[in-house]
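Below: one structure, written as structure tokens.
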Amino acid sequence: MSILLNKNTNILVQGITGSEGSFHAEQMMEYGSKVVCGVTPGKGGHTATIKKLPVFNSIDEAKKEFQIDATVIFVPPRFAAKAIIEAIEARVELIVCISEGIPARDMVTVKNMLDKSSSTLIGPNCPGLITAEESKIGITPGFICKKGSVGILSRSGTLTYEAIDQVVNVGLGITTAVGIGGDPVIGSSMIDILKHFQNDDDTKGIVMIGEIGGNMENDAARWVKENLSKPVVSFIAGQTAPKGKRMGHAGAIISEGSETAEAKIKILKECGISVANTVSEIGVTMKTLIG
Amino acid sequence: MKIHEYQAKEILKKYNIPIQEGYAIENSADIDSTIKKVQADFNCEAVIVKAQIHAGGRGKGGGVKYCPTFEDAQGAANTILGMNLITHQTGPEGKMVNKILITEALDIEKEYYFAITFDRSKNSDVFIVSSEGGVDIEEVAENNPDQIIKAWIDDSPNALESAVKEIITSLSLEEFENVEQMFKDLYKCYLESDCSLLEINPLVSTTSNEIIALDAKVDIDSNSLFRHPEIAAYHDKSEEDPLELKAAEYGLNYIKLDGNVGCMVNGAGLAMATMDIVKHCGGEPANFLDVGGAANVETIKNGFKIILSDKNVKSILINIFGGIVRCDRVANGVIQAVKELDLDVVVVVRLQGTNAKLAKKILDESDIELISAETINEAATKAVEMIK
């Protein structure tokens with residue numbers, strides 16, 4: 001078992017004719033993902049193919065010929081919100097948006113639509129998700145993953161990889177790893193993903209990686225205390241980050257006292273979550289809990 | 001992106017928001033004529049001289065002066081233009097004042113705080129107001145939290161209408177004409193300009209019963225600038241750290257800090273985590289630097305150049321998680337960059353991911369002085385210990 005994604009998930013790639021889209025479509029297929037087709041508005045047609053995949057002008061067109069369970073979006077930021085909305089309107093169950101730099105206002109509109117739909121959005125500005133040895137959607141390096149018992153969720157891309165690598169190296173392995181994205185407005189919150197892990201029997205422990213800015217980790221900590229029966233290891237990046245400076249991610253900026261790493265770590269601990277002191281200790285901390 | 005008060009007021013004016021009028025200048029030769037022009041155009045004797053820098057607390061720092069006469073204004077303008085202004089937001093080094101705004105002085109009855117921003121947890125915009133305006137709002141929040149009123153604007157049909165009514169009632173502004181329309185226009189301005197913050201502190205009522213924006217602070221979502229070329233043109237490079245600007249030209253994300261251990265990392269989260277572990281090992285990080293997904297010779301070389309422009313740096317910790325980019329390539333890039341730049345600081349390299357073992361071998365066998373490490377902990381410890 002796993003969450004959100006398995007080897008049978010039929011995947012469409014939006015922006016497949018771009019360099020990122022075509023490169024990662026190929027990487028995904030090499031990993032074993034069932035990529036069935038792509039969409040680029042204006043570039044579709046009966047004979048259009050890329051990496052031997054058929055290309056359509058729209059998701060609706062693609063749906064006439066394929067069952068589509070998930071879509072991954074590699075389009076420039078100024079068109080990305082439109083691409084997400086197209087996927088919501090086409091009722092695609094799982095939408096993963098990799099694009100970075102989408103205006104926050106566009107994402108507010110998307111989020112309001114999303115709340116009234118049955119779609120799940122992961123991202124934007126994220127590496128996507130991977131179910132070990134089955135399928136990946138997005139840009140996570142597949143070779144570092146081994147099947148196991150730990151679920152991973154993270155606001156940061158390379159920290160997701162770091163966590164996967166450590167959990168695999170201590171001999172535990174992963175079920176699914178989800179990068180939820182570093183923007184202020186994102187499709188799925190930490191709690192949304194925790195709920196999936198709670199219901200997945202194969203996931204015995206969860207690594208939850210946060211950073212400065214916003215209050216999502218605090219909300220998640222309180223939710224864990226009330227609802228979750230599985231051990232959680234957390235790490236919060238940005239203990240040395242100065243106030244008022246945006247640390248790379250649009251969402252990683254401290255504007256209130258509760259948004260600092262220190263405040264988040266305190267709340268996480270109060271809610272019974274094991275917090276790794278440094279980034280190096282994520283894997284070993286999980287090992288002590290479920291090893 | 002931050003913009004100046006006078007620029008923010010230009011935007012507000014387009015939305016018919018009553019503002020305290022004035023003119024901005026950057027040359028001292030224009031001081032006398034501008035004071036006279038403000039006095040004539042806005043029919044006043046007294047004026048205010050205001051430093052234009054991207055930081056709050058200007059008044060307390062001596063960057064805002066009330067001037068009853070022409071001579072007072074002359075003196076204040078000549079003092080403030082070109083001064084190094086230190087406020088609680090500039091840091092101890094202060095900021096050079098390159099522009100001043102000379103405005104009319106108004107007879108103020110009462111001062112209010114007004115802001116619109118985005119509340120992540122509710123996925124809604126929110127009005128934040130207080131009848132304790134003109135002071136540091138964070139202090140009000142701390143000492144008198146009851147004095148701060150929030151009204152959220154979600155996507156329901158009458159949300160704006162009711163939020164505006166709520167703030168008017170809470171500030172007791174019912175008697176003022178057009179105030180409802182003004183708050184709606186402010187929200188329109190906030191939305192259409194892709195603001196992440198629109199703050200007016202203070203918003204004032206005058207003795208002639210008008211509501212006027214005395215100050216304005218507007219932050220724009222940088223991701224939206226492609227659709228606001230007129231706002232993008234407001235970007236004032238003199239307000240930014242020259243090294244951070246240079247890094248941006250290279251496509252690198254760099255923020256200078258006060259320590260001596262330089263950090264070069266791919267990914268923002270890992271970059272922060274690397275800074276944190278340096279501190280944990282007893283050192284002080286010199287910077288945040290995210291070289292992005294594609295760490296190649298060019299980005300690594302540019303990263304070195306930026307880090308080494310900071311003369312405090314004694315060692316450099318390179319922490320790259322090679323995903324799509326293979327570590328052996330990164331290792332060769334590091335070696336080439338170190339050779340070309342002829343570095344004289346300690347360089348510790350930790351590469352993890354695809355071909356990490358091969359990369360370590362390449363680093364260990366190279367003829368340049370590099371320290372390689374397997375874990376972040378080991379790398380950080382070495383980068384800190386080697387310079388003690």
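Here is the naming used below: chain letters follow the sequence lines, and residue numbers restart at 1 for every chain.
Only the side chain of A/E211 comes within contact range of chain B, with heavy atoms under 4.5 Å apart. Interface remark: B/E284 contributes no atoms to any contact with chain A (heavy atom separation under 4.5 Å). Proximity to chain A (any heavy atom under 4.5 Å) is restricted, for B/D125, to the side chain, taken from C-beta onward. Contact annotation for B/E244: only side-chain heavy atoms (C-beta onward) come within less than 4.5 Å of a heavy atom of chain A. With a threshold of 4.5 angstrom between heavy atoms, A/I186 does not approach chain B through any atom at all. Heavy-atom distances place the side chain of B/I255, and not its backbone, under 4.5 Å from chain A. Both the backbone and the side chain of B/N377 come within contact range of chain A, with heavy atoms under 4.5 Å apart. Using a 4.5 Å cut-off between heavy atoms, B/L257 contacts chain A through its side chain alone, with no backbone atom that close. Heavy atoms closer than 4.5 Å to chain B are found in both the backbone and the side chain of A/P184.
Using a cut-off of 4.0 Å between Lys/Arg side-chain N and Asp/Glu carboxylate O, B/R120 and A/D219 are scored as not salt-bridged.
No side-chain heavy atom of B/F288 sits under 4.5 Å from any side-chain heavy atom of A/T240. A heavy-atom distance below 4.5 Å is found between the side chains of B/F226 and A/P103. Within the 4.5 Å cutoff, the side chain of A/L159 has no heavy atoms near those of the B/M272 side chain.
Between B/A268 and A/G248, the closest heavy-atom pair is CB-CA, 3.9 Å.
Considering only residues two or more places apart in sequence or on other chains, B/H54 meets the ring-ring contact (aromatic ring centres under 6.0 Å, His included) condition with B/H4. Residues passing the ring-ring contact (aromatic ring centres under 6.0 Å, His included) test with B/Y254, sequence neighbours excluded: none.
A donor-acceptor contact shorter than 3.5 Å links the side chain of B/N223 to the backbone of A/I102. Of the possible donor and acceptor atoms, one in the side chain of A/T158 sits under 3.5 Å from a partner among the backbone N and O of B/N266. Proximity of a side-chain donor or acceptor of A/R155 to a complementary backbone N or O of B/G269 within less than 3.5 Å is not detected.
The number of heavy-atom neighbours closer than 6.0 Å to NZ of B/K382, taken from other residues, nucleotides and ligands shown, is above 12. Around the CD atom of A/E262, the shell of radius 6.0 Å holds no more than 12 heavy atoms that belong to other residues, nucleotides or ligands. Counting heavy-atom neighbours within 6.0 Å of A/E30 CD, excluding the residue itself, gives a total above 12. The 12-atom threshold is not exceeded at CG of B/D258, counting heavy atoms of other residues, nucleotides or ligands nearer than 6.0 Å. Counting heavy atoms of neighbouring residues, nucleotides and ligands inside a 6.0 Å radius, atom CD of B/E374 does not exceed 12 of them. More than 12 heavy atoms of other residues, nucleotides or ligands shown are found within 6.0 angstrom of CD on A/E281. More than 12 heavy-atom neighbours from other residues, nucleotides or ligands sit within 6.0 angstrom of NZ on B/K217. The environment of A/K287 atom NZ is dense: over 12 non-hydrogen atoms of other residues, nucleotides or ligands sit within 6.0 angstrom.
For chain B, the option among A/G244, A/G214, A/G157 with the highest count of heavy-atom pairs below 4.5 Å is A/G214. The residue among B/N253, B/N123, B/D119 with the most heavy atom pairs within less than 4.5 Å of chain A is B/N123. Per-residue counts of heavy-atom pairs under 4.5 Å with chain B were compared for A/S189, A/G210, A/G182, A/G213; the largest is that of A/G213. For the set A/S154, A/G238, A/A241, A/A252, the entry with the most heavy-atom pairs within less than 4.5 Å of chain B is A/G238.
To the nearest 0.5 angstrom, B/F321 atom CZ is 10.0 Å from A/T160 atom OG1. Atom OG of B/S222 is separated from atom CZ of A/R246 by 5.5 Å, given to the nearest 0.5 angstrom.
Below 4.5 Å, heavy atoms of chain B meet heavy atoms from A/A104, A/R105, A/D106, A/V108, A/K111, A/N112, all part of residues 104-112 of chain A. Among the residues in residues 273-280 of chain B, those with a non-hydrogen atom closer than 4.5 angstrom to a non-hydrogen atom of chain A are B/A273, B/M275, B/D276, B/I277, B/K279, B/H280.
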* **Working for side-chain contact (heavy atoms from CB on, under 4.5 Å), residues A/Y161 and B/L270** => CA-CA 10 Å; A/Y161 312 161; B/L270 190 59; over 6 Å; no
* To do: Start with the C-alpha gap between A/K245 and B/E240, add the side-chain angles, then the distance that decides, and say whether salt bridge (charged side-chain N to carboxylate O under 4.0 Å, His left out) holds.
  => CA-CA 12 Å; A/K245 283 271 189 183; B/E240 315 227 347; over 6 Å; no
